[in-house]
Structure formats: structure tokens, C-alpha cells
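Notes follow once the structure below has been shown.
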Amino acid sequence: MFEVSERVRIRDELIAAARQDVDIAGAALVGSAARGAEDRWSDIDLVLQLAQDADEAAVVARWTRSLDEKYGVADTLDVTSREGVRYRVFLLDSSLQVDLSFWPHDLFRATENGFQLVFGQANEPTSTAEPDSAQVIGMAWLYALHARSAIARGRTWQAVLMLDDLRNQISTLECLRYGLNPWHGREVDRLPEPVLETLRNGRAASVSLAELERSRQALLQHYLAAVEHHDAERAISLRRALDSDQRGAGGITSC
């Protein structure tokens, strides 16, 4: 397990390396460090602005080699945004996570609260779009239907996965309702206690068919209540379909 002093040292060294790199025009801290909310488990989130003429692939490869040589890299994961920003996530041998994002020169900017410019000049900030509640509502009932069929077929672990996905969509709807950040569950723990209690009650205590069906029904009722706060008219249609599904579900648990 990494030490906090190690995280601080590596972050300082990465910033120093960025200042010396002719292919890097700017850098900023994001995440918990930029918000002043670091704790024992925080990772490193460093945003790098590529120089105008930089070869992105070559820069990423060079930085990857450097991190491996200096700190030992167990694995990497790349995530690319729709704008073409590459986020390379490093898992160091010490288990420290280092997120380096490589931004085209003209896209370098704040996209969320907590952007601490270290050097360079950032473009005008923008806000990351929150999840579309209409899409979340649709995905939720789709997972609910798949959970129903999985239980009916006796596929308990498929049912567990579908119920987990349904609960995740419900959590997102509740976060949107209360103005909390749903990305990666960052602020789910800040939901009001009654909402968290309902989420707890919706979890299956085992993978028995009877308990999975109980969980499904509890989650459906929570889901329908959550939809009402976002789209009352849509909730009426969904309740008509899904309530009838509940009334006819009595024999499912015996399969």
C-alpha cells in the first residue's frame, strides 16, 4: 500500500517533469487535491496540455516509459473522451493510482469544480453534462425486465447483475433529484438517509430466487417513485406496465 508521502513526492516530480517537457504547455490538478479534499485513499489527477505541435501518441508513450522506469507500473487503462482527450490511468506497483490526461492544446480547460492551474494558460471553462434523466429512466426499466426474466429462468447470478444495474440507475436518478454528482457514485453517500435506507432495503440478502424476487419488487417500487420526481407523466405509463408485472410475479420465485 502506498504512503501519503509517496503520493505527494510523485505528484511533485510529475509536475516538475511537465514543466521541463517541451511537449507540455500547461498543467493543472483536478480531483480531490484541487478541491482540498484529499484523504488517505486519494489518487493523483494531473491534467496536461499538449503543445501545439506535439505528437500525442509519442508523448503518452514517453511518459508511460518514464513512470514505469521511476515508479514501476503494474498496468494501464486508457479512456478517451468524445472530444479526443486521452485519460491514461496508471496502477503503480505500490497500488497508487495516477490519472494523467493529455489534452489537445485548444481543449485544455476546467470541466468541473476543482481545477487548480499549476502552469500555462487554460481556455474558457465548461461544465460536464450531467446524465440524461430520460436515458437513465429507460435503462432502468430495461434492467428491470432482464432481472425478471433471469429470475424466471433460474439464472440467479444474471439476476444479481441486472438488479445491481437497476439499483445504479435508481441511485443516479436520486442524485440528479438532489443535485448531487452521480459519476462513479461520488456523492451517493450524501443522499438523504430515507433514500439510502430504501436503497439498502432493496438489496438482496442472498442469491435465492425468493430473495432476488423480493429485491426486484422493492427496487421497482423505488424506481417508480424516483421517476415521478423527474417525469410524472412517464411515471404513470411505467407504473401501469410495471405494477401489472409485479401483480403477476407471484409464481416467479418457485421456478
Side-chain angles (χ1 to χ4, degrees), residues 2 4-71 73 76-92 96-133 172 175-176 178-188 190:
F2 67 89
V4 172
S5 58
E6 174 191 0
R7 182 182 68 211
V8 173
R9 173 179 58 82
I10 291 176
R11 182 172 59 215
D12 289 346
E13 291 175 356
L14 292 175
I15 291 172
R19 290 184 183 276
Q20 297 299 316
D21 192 328
V22 295
D23 289 321
I24 303 297
L29 292 173
V30 293
S32 57
R35 299 193 305 270
E38 278 187 304
D39 61 18
R40 174 69 179 85
W41 307 100
S42 296
D43 54 19
I44 296 174
D45 289 298
L46 184 62
V47 176
L48 301 176
Q49 179 189 31
L50 295 169
Q52 288 279 15
D53 58 350
D55 181 334
E56 188 262 6
V59 173
V60 173
R62 176 160 49 79
W63 274 73
T64 300
R65 288 194 301 272
S66 177
L67 263 72
D68 191 26
E69 292 169 358
K70 292 179 180 178
Y71 313 117
V73 174
T76 63
L77 169 68
D78 277 8
V79 179
T80 304
S81 74
R82 287 177 295 182
E83 296 176 319
V85 177
R86 188 204 301 246
Y87 295 78
R88 175 155 289 186
V89 184
F90 296 83
L91 173 63
L92 302 189
L96 176 63
Q97 176 183 331
V98 178
D99 297 350
L100 297 182
S101 54
F102 298 84
W103 291 62
H105 190 275
D106 295 337
L107 296 181
F108 180 65
R109 68 192 187 281
T111 59
E112 59 181 55
N113 292 332
F115 179 92
Q116 182 180 328
L117 185 67
V118 177
F119 69 91
Q121 183 172 352
N123 296 291
E124 286 297 315
T126 60
S127 298
T128 301
E130 64 181 20
D132 178 7
S133 62
T172 297
C175 283
L176 293 175
Y178 289 99
L180 299 173
N181 184 353
W183 294 111
H184 304 292
R186 286 180 181 173
E187 294 186 333
V188 172
R190 293 178 55 193

inquiry  = I'd like to check the side-chain hydrogen bond (donor to acceptor under 3.5 Å, both in side chains) partners of T76; sequence neighbours left out, ordered by chain and number.
reply    = none
Residues that Q52 engages under side-chain hydrogen bond (donor to acceptor under 3.5 Å, both in side chains), provided they are two or more places apart = H105
So, taking the atom named [atom1] in [X] and the one named [atom2] in [Y], what distance separates them when rounded to the nearest 0.5 Å?
X    : Y    : atom1 : atom2 : result
Q49  : S101 : CD    : OG    : 11.0 Å
E56  : L48  : CD    : CG    : 11.0 Å
F108 : F115 : CZ    : CZ    : 4.0 Å

Testing the basics here: between [X] and [Y], what is the closest heavy-atom pair and its distance to 0.1 Å?
X   : Y    : answer
I24 : F119 : CG2-CZ, 4.1 Å
A34 : G114 : CB-O, 3.2 Å
S81 : Y87  : CB-CE1, 4.2 Å

Partner set under side-chain contact (heavy atoms from CB on, under 4.5 Å) for [X], not counting sequence neighbours:
X    : answer
L180 : C175, Y178, E187, R190, L191
A51  : D53, A54
V98  : L14, I44, L67, F90, L92, L96, L100
P131 : V136, T172, L176, P182, W183

note = Sorted by chain and number, sequence neighbours left out, ring-ring contact (aromatic ring centres under 6.0 Å, His included) with F2 holds for none
message = Between L29 and L46, is there a side-chain heavy-atom distance shorter than 4.5 Å?
response = yes
key: Pairwise side-chain contact, N123 with W103, heavy-atom cut-off 4.5 Å (strictly under)   = no
Please name all residues satisfying salt bridge (charged side-chain N to carboxylate O under 4.0 Å, His left out) with [X], sequence neighbours left out, ordered by chain then number.
X   : result
R65 : none
D99 : none
D23 : R62

request  = Using only heavy-atom distances, determine whether the side chains of T64 and R88 contain a donor-acceptor pair under 3.5 Å.
outcome  = yes
message = Test: salt bridge (charged side-chain N to carboxylate O under 4.0 Å, His left out). Region: residues 31-41. Which pairs qualify, not counting sequence neighbours?
response = R7-E38, R11-E38
request  = Scan residues 100-109 for pairs that pass salt bridge (charged side-chain N to carboxylate O under 4.0 Å, His left out), counting only residues two or more places apart or in two chains.
outcome  = E83-R109
request  = Dump the intermediate steps for side chain to side chain contact (heavy atoms under 4.5 Å, CB included) on Y71 and R9, then the final yes or no.
outcome  = CA-CA 11 Å; Y71 313 117; R9 173 179 58 82; 4.1 Å; yes
